[in-house]
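Read through the structure below, which is laid out as structure tokens, and then see the notes.
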Number of protein chains: 2
Amino acid sequence: LIEVKDMTKVYGEGPASVQALKGVSLTIRRGEFLAIMGPSGSGKSTFMHLLGCLDHPSSGSYRLAGQEVSGLTRDQLAMVRGRQIGFVFQSFNLLSRTSARENVELPMLYAGVAREARDARARSILEQVGLAERMDHKPNELSGGQQQRVAIARALANEAPLLMADEPTGNLDSASSVEIMTLFQHLNRENGITVVVVTHANEIAAWSGRIVTFRDGLIVDDRPAKEG
Amino acid sequence: LIEVKDMTKVYGEGPASVQALKGVSLTIRRGEFLAIMGPSGSGKSTFMHLLGCLDHPSSGSYRLAGQEVSGLTRDQLAMVRGRQIGFVFQSFNLLSRTSARENVELPMLYAGVAREARDARARSILEQVGLAERMDHKPNELSGGQQQRVAIARALANEAPLLMADEPTGNLDSASSVEIMTLFQHLNRENGITVVVVTHANEIAAWSGRIVTFRDGLIVDDRPAKEG
Ligand SMILES: Nc1ncnc2c1ncn2[C@@H]1O[C@H](COP(=O)(O)OP(=O)(O)OP(=O)(O)O)[C@@H](O)[C@H]1O
Ligand SMILES: Nc1ncnc2c1ncn2[C@@H]1O[C@H](COP(=O)(O)OP(=O)(O)OP(=O)(O)O)[C@@H](O)[C@H]1O
Ligand SMILES: [Mg+2]
Ligand SMILES: [Mg+2]
């Protein structure tokens, strides 16, 4: 599904430039459940943004479902993203002054899903993440963990074959975290969705089948997760 | 230092209103190191915002260093906050398009600290939190964990006697988390600063001396942390 070769990413120009990724190669097969770990600032979010077609690499190749995406235009990247990828940002990126339900409906609106089907699906996913009573709250009327769960629900809206989540449980208590990881595992095992999760928590990485570790913009380890 | 009696907080009006706090009473002595835990949506951030003089309670009393603050005006609350409290928000709240160093200098600017002293102190705190090489980066040029560390550095700028941090290590790997908690412990033991930390992680709560647990807007447990 994903084939990355010698991917680099440089931010800025000249002496103040930062090499966030220094040459990363990785293959992820369809249906895998992968965890990405590593110190703060090691390049995890940068890598996820590039895999998620949210930005261009500085060099190297990236093939998603056989298609080379590193050379696509912004609009072409958005087309690929809309159909293939559900993304949960580390900083949530919810639309303010917009209710939880509307935030979750948005990707379906772009995909041309009819109003009634959108509404029903948004309600059902928000219930699955434990927010049945907060559907009409706007982000500033929700707790940190509740906002995070809206961001997760939005990523699940289009039932994309690839789910990418950057620290999806960073603001959740252990009970809510187990609920979310159980949902991800169910999607992975029952619906065959490929899942890639960034986390600092070992107990979250343990839900995956394989753990890839970053350090200073490079992959330094790639091993099967001990089956929990 | 802190005496709270029957504190409530209601958001909104009428049928859609939410009772975030349903009557909380708590005393925190000067020099204590306290952890607040509890499920997502249980009222932890709401309680911290009220203790941090960022909002008014709906009812109940709150005395900080002997002064009743629940009836103060917004400007009076800002005066109390500027001198007495360092606050680390769950969502960082950094000023965008402003460098890490400038974000950390801001509370000192309000407090009237001279330019050279501000600059030297901002540099020294950013070094203490491991960001010596990112001082001139703006929030959108920093990773999630780096942004969190800038928010921590800003809260330490005015050496306030009360430090309040809402999930300060939620985006940090375990090594960075240990660095931050070691810094908090040092400030608590050496400088006598009172520290209140919200966390979902047991290993972070273990740094404190006392753990208070919230559930559905009420305190349901309050016990000494097992000394680590
Ligand atoms: N402005 C608001 N309007 C309406 N409801 C609100 C508002 N802010 C918070 N709430 C509600 O108040 C409750 C408490 O929120 P709070 O942010 O204090 O929770 P929390 O314990 O910090 O949770 P988390 O661990 O997810 O950060 C939640 O159920 C939330 O939906
Ligand atoms: N727009 C940018 N301009 C300059 N440097 C950047 C930019 N975005 C990120 N960086 C730098 O690139 C490096 C990698 O950042 P990235 O966000 O990928 O880290 P991360 O592994 O996700 O860290 P965390 O665990 O803290 O979220 C960091 O050192 C960061 O300072
Ligand atoms: Mg990150
Ligand atoms: Mg909170």
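In what follows, every chain begins at residue 1, and chains take the letters A, B, ... in the order their sequences are listed.
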### Message
Within the supplied structure, the quantity of interest is the number of heavy atoms (other residues, nucleotides, ligands) at a distance under 6.0 Å from B:Tyr110 OH; does it exceed 12?
### Response
no

### Query
For chain A, which of B:Ala20, B:Ser45, B:Pro39 has the most heavy-atom pairs under 4.5 Å?
B:Pro39

### Task
Nearest 0.5 Å please: distance from the CG atom of B:Asp173 over to the NZ atom of A:Lys44.
6.5 Å

### Task
Could you tell me which portion of B:Ser176 (side chain, backbone, both or neither) has an atom closer than 4.5 angstrom to a non-hydrogen atom of chain A?
side chain

### Query
Pick from A:Thr199, A:Leu142, A:Leu172: which one has the most heavy-atom pairs with chain B under 4.5 Å?
A:Leu172

### Summary
Checking heavy-atom separations under 4.5 Å from chain B, one finds in residues 120-138 of chain A A:Arg134, A:His137

### Summary
If you tally heavy-atom pairs under 4.5 Å between each of A:Asn202, A:Asn171, A:Val18 and chain B, the highest tally belongs to A:Asn171

### Message
Would you compute the distance between atom CD of A:Gln148 and atom CD of B:Gln90 and round it to the nearest 0.5 angstrom?
### Response
9.0 Å

## Note on the structure
Checking B:Gln146, B:Gln147, B:Arg149 against A:Ser40 for side chain to side chain donor-acceptor pair (under 3.5 Å), the one that qualifies is B:Arg149

